[in-house]
Amino acid sequence: MDEQALLGLNPNADADFRQRALAYFEQLKISQDAWQVCAEALAQSIYSDDHIKFFCFQVLEHQVKFKYSELTEVQQQLIRETLITWLQAQMLNPQPEKTFIRNKAAQVFALLFVTEYLTKWPKFFFDILSVVDLNPRGVDMYLRILMAVDAELVDRDVVHTSEEARRNTLLKDTMREQCIPSLVESWYQILQNYQYNNSELTCQCLEVVGAYVSWIDLSLIANERFINMLLGHMSVEVLREEACDCLFEIVNKGMDPIDKTKLVESLCQVLQSAGLFSIDQEDDVDFLARFSKLVNGMGQALIASWTKLIKNGDMKSAQDTLQAIEAKVALMLQLLIHEDDDISSNIIGFCYDYLHILKQLSALSDQQKANVEAIMLAVMKKLTYDEEYNFENEGEDEAMFVEYRKQLKLLLDRLAQVSPELLLASVRRVFNTTLQNWQTTRFMEVEVAIRLLYMLAEALPVSHGAHFSGDVTKATALQDMMRTLVTSGVSAYQHTSVTLEFFETVVRYEKFFAVEPQHIPTVLMAFLDHRGLRHTSPKVRSRTAYLFSRFVKSLNKQMNPFIEDVLNRIQDLMELSPPENGYQALLSSDDQLFIYETAGVLIVNSEYSAERKQVLMRNLLTPLMEKFKVLLEKLVMAQDEDRQMALADCLNHAVGFASRTSKAFSNKQTVKQCGCSEVYLDCLQTFLPALSCPLQKEVLRSGVRTFLHRMIICLEEEVLPFIPSASEHMLKDCEAKDLQEFIPLINQITAKFKTQVSPFLQQMFMPLLHAIFEVLLLPAEENDQSAALEKQMLRRSYFAFLQTVTGSGMSEVIANQGAENVERVLFTVIQGAVDYPDPIAQKTCFIILSKLVELWGGKDGPVGFADFVYKHIVPACFLAPLKQTFDLADAQTVLALSECAVTLKTIHLKRGPECIQYLQQEYLPSLQVAPEIIQEFCQALQQPDAKVFKNYLKVFFQRAKP
């Protein structure tokens, strides 16, 4: 072996050595006999370095996994012998191998098992057992190999091909017949031998039992001697967690419902008599988390049995099972309410399913009602944040609690389905008690009280948020709670979680303010002062900016009395923060977008006259325009690149803010009615010069492009005079991404204004195409994935542009480009349909071809087009689907084929019998298609129902492909 290269296997080696080691590994993988050197090194323990041993196993693993069939019988025998020799050595070595080497060795054993067990090595397990006997190091390897075999055969996380799945099923069937009883016996011997003196091996063995129990005969494990031993382990501190998991797997195994109930009940009796149900005496939370999972498994197993028995109509057994379920509820509640969230989280499934049973019963007993109430109280208590929760710097623990809260929310929703009245009454009681004394109550209790009110909106659903009409009891309760929320002064509570919950709830129940509008000013002030947009926490300010815009939009006309006041109060929040003075704005630019949108909505939805609206809109936008002009001048002069970037970002924000104010308008009509067209035209004139700025082009162009998109909707044809010069600037020295983003703008203009923009399109058609072709023809490095993807996206955009032009009835734009250019464009479409394996682009190309045939394919079409149809379009319809890359199992490709069928149908429609004659006598015979198939094809093409031909075409190409 290359000793120098092997030095690079050490994780502390420098980069050059590591690179050399990687290259060496690749070299050995390709080499014919390198594996033999590695096998010898392992069998004879030549190397003591752990990384080299691991490396040798990796080479062997590659050989077994990918090149095993190339080996001779003798070579295959050598690999078997090497592994057995290595295994024998494990029991004699003074020190055990490192865990990572043992695991890798086990993987190689498992790969060999999968390859050889059914043919060459049926005694695989017996050979290993005869070597290891009860030697602890040997047993360790045996158990690791069993786990690796299980991972190969049944690991749900590994995606297997159907061939591998069939092989795995056969392997499991053969193992069940030939060796599973012996393996189970070996596990029993290992457990019995090591349970008191080697907890590590015992736990490993329990893990193996748990893994295999899902696919072997359960009676081999669920019998007196095994279960008694497992139950014994439940009272041994170092074994009980693994024993718990093992029992969980046994309980989880699918079986007859009556047998399952008996099994669970017998387990429960023994566990209970062993004192394991006394949760309050147990302080080992890791064990309790596993125990909670076991109880959850038992509960869900009983519920699954109950469901099956009800379905089978066996009411007597179902009733017995229901009693068994009810008997576990007290234990379930103890675990649900446990202060450790992992323990509580593990029992939620049982709890959820139990509530589902109660939902199906016609009437609840007093005990069941008490259970529902107990679950409700537990959920309310467990929703509460603990003291350790870090609101300013949320980490992994916080994320886990957020997930846990989502699980509790599902329980709350299910409680609402079982007993909505009880839920409403409980929440109301907690809410009112807490809010009466919020000043002296801890933040987490205040937060959870408001949170519960918030959660009721989804737990007791209504259509369109109409919580305050309909059912009087519910409407009154919610209205009372909302009134308390907004009048209690709790919005001033000094904790971010309470503040945020307050604003979230106010926005969720915005319909309350239609019923009691007198509270709007109170809530508006909370949004606008130190409780909301001016809070000390950036997180609160940011979220409030979004919620404020939602609140204002939802209140619409009810905001009228407050508009000017609100606009004055938010004015300083809309300052465009310039990059030079280091001034830290209260809101980020993303948050400011919501404030600008809110301002726009307030002005547009107001009852002011058009003149007044125009003045207000001008007041809003003029500062942006003035700032923009100053900053653009500064950018042109700026030398330092960081400064240029900061200025360009600021300019981009200004354009973005102006764009966002226009979201209040739905179309040109509303802009005109508000007298605001002129203001936006002024903005356009202010922003467009940025396109000719040579610095920071990408940032500036992107902002202005977005603004133009908005203005096409808001100003319609008034934008048109600005488009030609804007386009000219945007096409100057642009890259793939620029073009890709520019084309949708042209598509929007084309689709909206159609013939109105025909002269402009004819003028810019070839310059745009030249810019696109120039970028597509740029040489790119072979492995540059991102460049290849950019080109693919640009190609799609180019075809989408042609589709828009032809689809908007403006084929003359193409036709008037001169014969040579027209031909060039047509060839690019043919190329797109056939040569590039991109079904999305191919589909678009066939749509363009169909449209052109429809427009130009008749008798009065352009000279030479009929020839083009037969020489190029018809062949494209066959060559594209015949390509190996045209995958008929892929949904996008099937859509492309569907458009290909439409193209052929359109050619037939336009050219009639001449098309059939060409296919029958010239084209299809040239593809060596059999005469009867040609006949069949032409008949299908002439069917009036297009769907018949589409289906036929798919079958036609499926048959044609090898």
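- With rounding to the nearest 0.5 angstrom, the CG atom of D784 is 10.0 Å from the CG atom of L789.
- When all heavy atoms of P94 and R137 are compared, the pair lying nearest together is O-NH2, 3.0 Å.
- Atoms OG and CZ, from S219 and F226 in turn, are 11.5 Å apart once rounded to the nearest 0.5 Å.
- Considering every non-hydrogen atom in both W215 and R176, the closest pair reads O-NE, 2.7 Å.
- A salt bridge links E185 to R225: at least one charged side-chain nitrogen sits closer than 4.0 Å to a carboxylate oxygen.
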Q: Apply salt bridge (Lys or Arg N to Asp or Glu O under 4.0 Å) to D127 and R80, showing your working.
A: CA-CA 11 Å; D127 286 354; R80 288 195 285 276; over 6 Å; no
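- Within a 6.0 Å radius of NZ in K123, no more than 12 heavy atoms belonging to other residues, nucleotides or ligands are found.
- Side-chain atoms of S305 come within 3.5 Å of backbone atoms of A301 as a donor-acceptor pair (strictly under, hydrogens ignored).
- Side-chain contact between V139 and N193 is absent, with no heavy atoms from C-beta onward closer than 4.5 Å.
- R144 is listed as a side-chain neighbour of T99, based on a closest heavy-atom distance under 4.5 Å.
- The shortest side-chain heavy-atom distance between L153 and M175 falls under the 4.5 Å cut-off.
- Listed by first and then second residue, the ring pair (Phe, Tyr, Trp, His ring centres under 6.0 Å) pairs involving residues 68-98 are F57-W86 (not counting sequence neighbours).
- The shortest distance between side-chain heavy atoms of F109 and Y142 does not fall below 4.5 Å.
- Between F291 and F277, the closest side-chain pair of non-hydrogen atoms falls below 4.5 Å.
- Under the 6.0 Å cut-off for aromatic ring centres, F391 and Y385 qualify, their centroids lying closer than that.
- Considering NZ of K260 and CE of M298, their distance stands at 11.5 Å, rounded to 0.5 Å.
- The heavy-atom pair separating L191 from H233 by the smallest distance is CD2-CE1, 4.1 Å.
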Listed pairs under 3.5 Å, donor-acceptor, residues 245-255 side chains, sequence neighbours left out:
{"unit_1": "D245", "atom_1": "OD2", "unit_2": "R290", "atom_2": "NH1", "d": "2.6"}
{"unit_1": "K253", "atom_1": "NZ", "unit_2": "V213", "atom_2": "O", "d": "3.2"}
{"unit_1": "K253", "atom_1": "NZ", "unit_2": "S214", "atom_2": "O", "d": "3.3"}
{"unit_1": "K253", "atom_1": "NZ", "unit_2": "I216", "atom_2": "O", "d": "2.8"}

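- At least one donor-acceptor pair under 3.5 Å links the side chain of N390 to the backbone N or O of E392.
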Give every donor-acceptor pair under 3.5 Å between a side-chain atom in residues 204-212 and any protein atom, sequence neighbours left out.
{"unit_1": "Q204", "atom_1": "NE2", "unit_2": "D140", "atom_2": "OD1", "d": "3.3"}
{"unit_1": "Y212", "atom_1": "OH", "unit_2": "L146", "atom_2": "O", "d": "2.6"}

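- Of all heavy-atom pairs between E242 and C203, the closest is CG-CB, 3.5 Å.
- Smallest separation of non-hydrogen atoms from F886 and Q842: CD1-NE2, 3.8 Å.
- Checking side-chain atoms of K382 against main-chain N and O of I337 turns up no donor-acceptor pair under 3.5 Å.
- With a 4.5 Å cut-off on side-chain heavy atoms, Y117 and V149 do not count as touching.
- Between F66 and H62, the ring planes lie tilted relative to each other; the angle falls in the 30° to 60° range.
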**Q.** Verdict with supporting geometry, K293 and C244, side-chain contact (heavy atoms from CB on, under 4.5 Å)
**A.** CA-CA 8 Å; K293 182 180 159 193; C244 235; over 6 Å; no
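- Residues Q107 and K104 bring a donor and an acceptor atom of their side chains to less than 3.5 Å of each other.
- Between N197 and Y194, the closest side-chain pair of non-hydrogen atoms falls below 4.5 Å.
- Between M141 and A105, the shortest heavy-atom contact is CE-CB, 4.0 Å.
- Without hydrogens or angle criteria, Q90 side chain to L87 main chain gives no donor-acceptor distance under 3.5 Å.
- Between Q75 and W35, the closest side-chain pair of non-hydrogen atoms falls below 4.5 Å.
- Atom CG of L336 and atom CD of Q334 lie 11.0 Å apart (nearest 0.5 Å).
- Residue Y196 qualifies as open at atom OH: its count of foreign heavy atoms under 6.0 Å is 12 or below.
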Q. Run the side-chain contact (heavy atoms from CB on, under 4.5 Å) check on D341 and M400 step by step: do they pass?
A. CA-CA 9 Å; D341 293 341; M400 281 163 68; over 6 Å; no
Q.
I'd like to know whether I227 forms a side-chain contact (heavy atoms from CB on, under 4.5 Å) with V270, so could you lay out the CA-CA distance, the side-chain angles of the two residues, the decisive distance to 0.1 Å, and finally the verdict.
A. CA-CA 10 Å; I227 295 289; V270 187; over 6 Å; no
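- Using modelled atom types and a 3.5 Å distance limit, the side chains of Q792 and R795 yield no donor-acceptor pair.
- Under the 3.5 Å distance criterion, with hydrogens and angles disregarded, no donor-acceptor pair is assigned to the side chains of N168 and E164.
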